[in-house]
Amino acid sequence: MADKTESKVPPLTAEQRRVTAAQYERAQQVLQSGNHDYAIQLLLTCCKLDPANLIYRNALRHTQRKKHGDNQRGSRFSLLTSAGSRLRLKAAARAGEYAKALEHAEEILNRNPWDLGAQMAMADAFTELGLLDQAVWSLEQARRKDSDNLAVNRSLARLYEQRGNFKQAFVLWQLVRKAAPDDAEAHDKARELAARETIARGDYERKIHGGAGGQDADKAEAAAKADTLPQTPALRTGGSRDDTEEVAALPEATGAAAREAAPLLARIKSEPSSPHAYRDLAALYRRAGQPDEARAVLQCGLERAGNPFELAAEMADLDIEPFRHNLAVVEERVRKQPGDEALRKLRTRLLKEINTRELDLFRQKSERFPTEAGHRFEMGVRLLKAGQIDEAIRELQVARADPRFHARALVYLGYGFKARHNWRLAQRNFAEALQSLPAGESTLRKDVLFQLAQGSAEAGDLTKALEHADELANLDFSYRGIGRLIDEWQARLQGSGTGGATGDAPPAR
């Protein structure tokens, strides 16, 4: 069976990215005039060209709901008028044409944005395309209409488990077990996931902080047996609420964070359609170590502020946090067990997953705010890590013009040109970076000196290599074996030995 965790959607071309960004911008302008039909057509084009983009998909669904006055049922004759689209959807799914299946599902949802069958079919298509986050999103949209639907909850629980969201999977398996008490799978999964999530958290605490954590497994087992269902902010089981009730339902910070949250909650109450207070409150919860509360705030803001880009971007970044958390655990275990090949492979997969997600996020930010050099710089760094060298160089050259990113952009341009085997341009950028790096950037300074020394040696200029190596050794004699390399290069220069060094990837930022 094909691996469904790897995306099978081809990357967008530069022209497609330009078109989708322009279409999305135009849709936002059209919505200001209340022309829902035109905005929907523009957003449908965005989703067709970039099916994995949840910012476009979220905006489309929000606009469709607004068109139908949030009536929870769509147009009056939606079941009849969408019959042809349903047949085409089933045919596309049977034929394995999953991108087409997404388009036909959207035809149905355009007439009824709450159609459960279309949303579940869309989730299946996303899963087959390797877009599990998008599949999760589709089922979460379905739960907005019917949070107790057995099929939706079961499918979403399986996806949560597959993505490592054990806490949310546990909540849904409990709901399935409540609706179907004889369901053996739900019973077993609820117990298993409660223990797994808590043990994983305890293991993280032991490895990172030296805490105990071991007794939590018993608590998890007890929670799994309990009749009451734990509720998380991201999985409210109630129906729709009016604005006053929604603000009242926002999670509250504890401890010192409560004082900072109070004025933000007041701002949300007075300006419920402004995204800024939601963003600031979510950031406060993240700093306080409350990601579920941050997610609930962002979701509320997306619904009430008209799906603003800044909140969708914050939600996308929050979705990366579990992978960063897992990477911290693996990094610590690799440090203690450097010879464990399985751990090293897991570390590589996590780094790739995080870089892919961050690249997609900063690409969207760059398209939305093309004059913000910070987004171009961050995108350039991640393009470089992804091996997209030429595109990375273009973005980093743009960022280089901004004094805030000048020195670091030069460093990564050096890495890029070295990867393209153009040592003259790599050397030029590294040398300029060395003159521009502030005193506090000691790690980057040492690596630039190492790159200059190593590159000069590989180019046959051993005198220049030793100059840079001596400067590096004066800062840190143990840095990446520079003392040994100095001996080798001196011996080669004197014609009494051989040696060299191989290229390395840019250091983690």
Side-chain angles (χ1 to χ4, degrees), residues 3-7 52 54 130-134 136 159-170 193 196-211 213 216 234 282-283 285-295 298 313-365 375 377-388 392 408 411-412 415 443-444 447 480 504-509:
D3 183 2
K4 295 178 184 178
T5 64
E6 292 290 333
S7 174
L54 284 182
L131 302 173
L132 296 191
D133 287 341
Q134 290 79 356
V136 166
L159 283 176
Y160 277 149
E161 184 180 358
Q162 193 171 350
R163 297 308 276 158
N165 298 340
F166 300 132
K167 182 188 294 184
Q168 291 169 300
F170 168 69
L193 290 176
R196 185 191 293 182
E197 196 275 335
T198 309
I199 290 170
R201 185 173 62 249
D203 188 55
Y204 171 78
E205 291 167 354
R206 274 200 309 279
K207 291 183 180 299
I208 304 299
H209 305 296
D216 287 341
Y285 285 134
R286 290 184 71 173
R287 291 196 301 271
Q290 297 176 274
D292 287 341
E293 286 76 4
R295 182 180 298 279
L298 291 172
E314 287 296 319
M315 183 72 87
D317 186 70
L318 184 59
D319 287 339
I320 306 173
E321 277 303 306
F323 297 97
R324 295 172 180 144
H325 170 95
N326 291 339
L327 179 61
V329 176
V330 172
E331 292 276 16
E332 178 65 12
R333 294 180 65 185
V334 168
R335 187 183 68 81
K336 293 181 179 179
Q337 305 171 50
D340 192 322
E341 187 61 26
L343 282 176
R344 300 183 72 85
K345 287 181 179 179
L346 178 58
R347 177 182 180 271
T348 299
R349 287 200 301 272
L350 285 169
L351 285 169
K352 181 180 178 181
E353 179 76 22
I354 292 168
N355 191 69
T356 299
R357 288 166 176 263
E358 290 179 344
L359 172 57
D360 183 61
L361 177 58
F362 282 110
R363 192 190 295 280
Q364 293 182 50
K365 287 184 175 183
H375 299 330
F377 171 75
E378 298 292 352
M379 181 168 69
V381 171
R382 286 154 181 83
L383 284 166
L384 193 60
K385 292 179 180 179
Q388 300 178 43
R408 285 185 293 157
V411 173
Y412 285 96
Y415 296 141
T443 300
L444 270 181
D447 195 74
R480 299 175 73 172
D504 290 297
R509 292 180 59 248

Next item on the list: Using the side-chain contact (heavy atoms from CB on, under 4.5 Å) rule, pick out the option among Thr348, Asn355, Thr356 that qualifies with Lys352.
Entry: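 Result: among Thr348, Asn355, Thr356, Thr356 is the only option passing the side-chain contact (heavy atoms from CB on, under 4.5 Å) with Lys352.
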
Item checked: Aromatic ring pairing His375/Phe362, orientation class (parallel under 30°, perpendicular over 60°, tilted between) ->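 The arrangement is tilted - the two ring planes meet at 30° to 60°.
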
Notebook entry, point to check: Do Gln134 side-chain atoms and Ala52 backbone N/O form a donor-acceptor pair below 3.5 Å?
Noted result: yes

[X] with [Y]: basic N within carboxylate O range, under 4.0 Å:
X: Arg335; Y: Glu331; answer: no
X: Arg286; Y: Glu293; answer: no
X: Lys336; Y: Glu332; answer: yes
X: Asp360; Y: Arg382; answer: no
X: Asp317; Y: Arg324; answer: yes

Next item on the list: With side-chain contact (heavy atoms from CB on, under 4.5 Å) as the test, would you mind laying out the steps for Glu378 and Leu361 before giving the verdict?
Entry: CA-CA 10 Å; Glu378 298 292 352; Leu361 177 58; over 6 Å; no

Next item on the list: Give the C-alpha distance, both sets of side-chain angles, the deciding distance and a yes or no for side-chain contact (heavy atoms from CB on, under 4.5 Å) between Arg295 and Met315.
Entry: CA-CA 7 Å; Arg295 182 180 298 279; Met315 183 72 87; 3.5 Å; yes

Evaluate the side-chain proximity of [Y] to [X]: yes if any heavy-atom separation is below 4.5 Å, no if none is.
X: Val334; Y: Asp340; result: no
X: Asp133; Y: Arg357; result: yes
X: Leu350; Y: Leu346; result: yes
X: Val330; Y: Arg344; result: no

How close do [X] and [Y] get, counting heavy atoms only, and between which atoms?
X: Tyr412; Y: Leu384; answer: O-CD2, 3.5 Å
X: Leu351; Y: Leu327; answer: CD2-CD2, 3.7 Å
X: Leu298; Y: Leu318; answer: CD1-CD2, 4.2 Å
X: Val136; Y: Tyr160; answer: CG1-CE2, 3.7 Å
X: Ala282; Y: Ala294; answer: O-CB, 3.5 Å
X: Ile320; Y: Ala316; answer: CG1-O, 3.4 Å

Margin query: If I take atom CG from residue Leu159 and atom CG from residue Leu132, how far apart are they, to the nearest 0.5 angstrom?
Written below: 6.5 Å

Note to self: To the closest 0.5 Å, what do you measure between CZ (Arg349) and CG (Asn326)?
What the structure shows: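 Arg349 CZ to Asn326 CG: 11.5 Å, rounded to 0.5 Å.
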
